[in-house]
Peer 1: 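Below: one structure in structure tokens.
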Protein chains: 2
Amino acid sequence: MNTHQHSTPELTKNQGLVYDSLSHAGGPLSAYAILDDLRDHGIRAPLQVYRALDKLLEMGLVHRLESLNSFVACQHPDCDARATMLFAICSKCSCVSELAGEDLEAQLKSLAASDGFTVQAATIELRGICSACGQSAA
Amino acid sequence: MNTHQHSTPELTKNQGLVYDSLSHAGGPLSAYAILDDLRDHGIRAPLQVYRALDKLLEMGLVHRLESLNSFVACQHPDCDARATMLFAICSKCSCVSELAGEDLEAQLKSLAASDGFTVQAATIELRGICSACGQSAA
DNA sequence: ACAATAAATGTTATTTTATAACACCTCGAG
DNA sequence: CTCGAGGTGTTATAAAATAACATTTATTGT
Ligand SMILES: [Zn+2]
Ligand SMILES: [Zn+2]
Ligand SMILES: [Zn+2]
Ligand SMILES: [Zn+2]
């Protein structure tokens with residue numbers, strides 16, 4: 001279920017299929033999982049998925065989770081405008097939350113700057129236990 | 001050139017070979033690049049490299065760069081003890097600096113905690129321009 | 001409307017990254 | 001000695017991503 005459709009700039013057929021697949025999944029999917037999901041809708045080759053993903057990533061509708069080799073629909077209304085995003089990945093249920101790093105970005109930049117490094121983009125992925133799993137474990 | 005040998009707990013033959021390869025490289029290498037580098041030293045199959053890497057990762061002598069699918073020798077005297085580490089990867093020269101996140105960890109944890117998430121491990125990889133490349137570009 | 005151009009698609013083959021499965025060796029505790 | 005854990009060597013396979021090429025579908029300028 002897709003909640004906040006961004007300012008969706010009309011997707012093409014394949015882009016729409018891939019985006020819907022990711023949105024409905026409610027969690028991260030690998031490119032090949034998307035492929036399987038869309039076999040019935042005419043998607044037959046990995047490239048069809050990867051090409052759609054490339055565009056969706058450009059548009060900011062989808063994010064790539066490097067530590068999982070997988071992709072997730074953006075959960076945030078205006079990622080592009082906002083500060084650095086970070087992803088909290090639950091080790092138990094594999095759910096993913098996308099959080100806004102508000103002032104985190106400034107701290108990262110200044111930390112990097114102390115080494116003479118100019119930040120262009122940041123990948124921040126946390127591993128741990130989500131609130132639901134934390135409570136059920138007690 | 002390996003500078004600060006940690007408290008190296010005697011590596012096995014293959015572990016030593018892989019660690020040396022990574023140390024001498026002075027930058028990130030893929031498992032298969034390590035394999036190629038060590039063909040002359042009796043390493044013939046990916047598994048020999050991946051098994052050694054697994055142990056080296058456990059020991060904290062080596063880190064995995066998720067966004068590059070590659071590995072780098074630890075540059076920091078005492079990673080284990082220290083706070084969250086972050087990696088600054090230069091988009092031009094591909095060099096990698098490992099920085100200590102001092103108070104960054106606290107901020108990450110509190111940010112995650114506001115979502116009910118308990119952090120176990122963090123992957124932080126920055127993309128940008130290193131000091132050397134920044135100056136040469138001018 | 002029509003040609004020129006750009007963007008998206010369909011398909012096959014290939015590369016790159018990572019594991020599975022199984023046999024053998026080595027070395028130290030009992 | 002023996003047996004059990006960890007390390008090694010090897011072959012085969014799985015999973016993730018890209019290359020190359022032909023075709024089709026929009027966009028744009030005239
Ligand atoms: Zn987002
Ligand atoms: Zn969970
Ligand atoms: Zn380190
Ligand atoms: Zn550089």
Side-chain angles (χ1 to χ4, degrees), chain A residues 8-22 25 27-73 87 89 94 96 123 125 127, chain B residues 8-22 25 27-73 87 89 94 96 123 125 127:
Chain A
T8 316
E10 14 228 299
L11 304 177
T12 67
K13 184 183 122 221
N14 288 0
Q15 289 162 15
L17 286 170
V18 168
Y19 182 64
D20 283 349
S21 177
L22 270 179
L29 292 179
S30 74
Y32 282 76
I34 296 172
L35 175 57
D36 285 339
D37 188 40
L38 295 178
R39 278 255 155 69
D40 297 340
H41 296 70
I43 301 292
R44 282 169 226 188
L47 253 190
Q48 297 178 278
V49 175
Y50 280 109
R51 288 201 279 229
L53 284 172
D54 281 346
K55 294 300 176 185
L56 293 169
L57 286 168
E58 271 179 25
M59 297 179 206
L61 289 176
V62 158
H63 300 293
R64 179 190 167 84
L65 298 177
E66 304 285 355
S67 64
L68 295 179
N69 286 336
S70 58
F71 305 83
V72 66
F87 300 89
I89 306 168
S94 299
V96 174
T123 297
E125 296 174 20
R127 273 299 181 141
Chain B
T8 317
E10 11 226 304
L11 304 178
T12 68
K13 184 182 125 224
N14 288 1
Q15 287 162 17
L17 285 170
V18 168
Y19 182 63
D20 283 349
S21 177
L22 269 179
L29 292 179
S30 75
Y32 282 76
I34 296 172
L35 175 57
D36 284 341
D37 188 40
L38 295 177
R39 278 256 155 69
D40 298 340
H41 297 70
I43 301 293
R44 281 170 229 187
L47 253 192
Q48 297 178 278
V49 175
Y50 279 109
R51 287 200 281 228
L53 284 172
D54 280 346
K55 294 301 177 184
L56 293 169
L57 287 168
E58 271 180 24
M59 297 177 204
L61 289 175
V62 158
H63 300 293
R64 181 190 166 85
L65 299 177
E66 304 285 356
S67 64
L68 295 179
N69 286 336
S70 58
F71 304 84
V72 66
F87 299 90
I89 305 167
S94 298
V96 174
T123 296
E125 296 174 20
R127 274 300 183 140

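Within every chain, numbering begins at 1; the chains are lettered A, B, ... in the order of the sequence lines, protein sequences first and strands thereafter. Scope of the values below: all heavy atoms of this structure, side chains included, with no hydrogens, waters or symmetry mates.
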Peer 1: What I want to find out is whether Arg64(B) reaches Glu66(B) closely enough, with some N-O distance under 4.0 Å, to be called a salt bridge.
Peer 2: yes
Peer 1: Given atom CG of Leu65(B) and atom P of dT16(C), what is their separation to the nearest angstrom?
Peer 2: 19 Å
Peer 1: Nearest to the Lys55(A) side chain among dA17(D), dA8(C), dA19(D), which nucleotide is it?
Peer 2: dA8(C)
Peer 1: Which listed nucleotide (dA17(D), dA20(C), dA18(C)) is nearest to the side chain of Ala31(B)?
Peer 2: dA18(C)
Peer 1: Send over the distance from Arg44(B) CZ to dT11(D) P, rounded to a whole Å.
Peer 2: 9 Å
Peer 1: Side chains of Leu56(A) and Leu22(A), heavy atoms from C-beta outward: is any pair under 4.5 Å?
Peer 2: no
Peer 1: State whether Asn14(A) places a side-chain N or O below 4.0 Å from either non-bridging phosphate oxygen (OP1 or OP2) of dG10(C).
Peer 2: yes
Peer 1: Decide yes or no for Val62(B) and Val18(B): does some side-chain heavy atom of the first lie under 4.5 Å from some side-chain heavy atom of the second?
Peer 2: no
Peer 1: Whole angstroms only, please: what is the CZ-P distance between Arg39(A) and dG10(C)?
Peer 2: 14 Å
Peer 1: Leu17(A) has an atom CG; how far is it from atom C1' of dA8(C), in whole Å?
Peer 2: 13 Å
Peer 1: Determine: side-chain N/O of Lys13(B) to OP1/OP2 of dG6(D), distance under 4.0 Å, yes or no.
Peer 2: no
Peer 1: Is Asn69(B) near enough to dA16(D) that one of its side-chain N or O atoms lies under 4.0 angstrom from OP1 or OP2?
Peer 2: no
Peer 1: Report yes if at least one side-chain N or O of Gln48(B) is closer than 4.0 Å to OP1 or OP2 of dT8(D); otherwise report no.
Peer 2: no
Peer 1: Taking only side-chain N and O atoms of Arg64(B), does any of them lie within less than 4.0 angstrom of OP1 or OP2 on dA18(C)?
Peer 2: yes
Peer 1: Of Pro46(A) and Ala52(A), whose closest DNA chain C nucleotide lies nearer the 5' terminus?
Peer 2: Ala52(A)
Peer 1: Side-chain N or O of Arg51(A) versus OP1/OP2 of dT9(C): is the shortest distance under 4.0 Å?
Peer 2: no
Peer 1: Find the distance Tyr50(B):OH to dG9(D):P and express it as a whole number of Å.
Peer 2: 18 Å
Peer 1: Is any NZ, NE, NH1 or NH2 atom of the basic residue among Asp54(A) and Arg51(A) found under 4.0 Å from an Asp or Glu carboxylate oxygen of the other?
Peer 2: no
Peer 1: For Leu47(A) and dC21(D), give me the distance from atom CG to atom P, rounded to whole Å.
Peer 2: 14 Å
Peer 1: In whole angstrom, give the distance that lies between atom CG of Leu53(B) and atom P of dT17(C).
Peer 2: 13 Å
Peer 1: Indicate yes or no: at least one non-hydrogen side-chain atom of Leu17(A) is less than 4.5 angstrom from one of Asp20(A).
Peer 2: no
Peer 1: Could you state the CD-P distance from Glu66(B) to dA18(C), rounded to the nearest angstrom?
Peer 2: 9 Å
Peer 1: Nearest to the side chain of Thr12(B), heavy atoms from C-beta on, is which of dT8(D), dA18(C), dG10(C)?
Peer 2: dT8(D)
Peer 1: Report yes or no: is there a donor-acceptor pair, N or O only, under 3.5 Å between the side chain of Tyr32(A) and the base of dA15(D)?
Peer 2: no
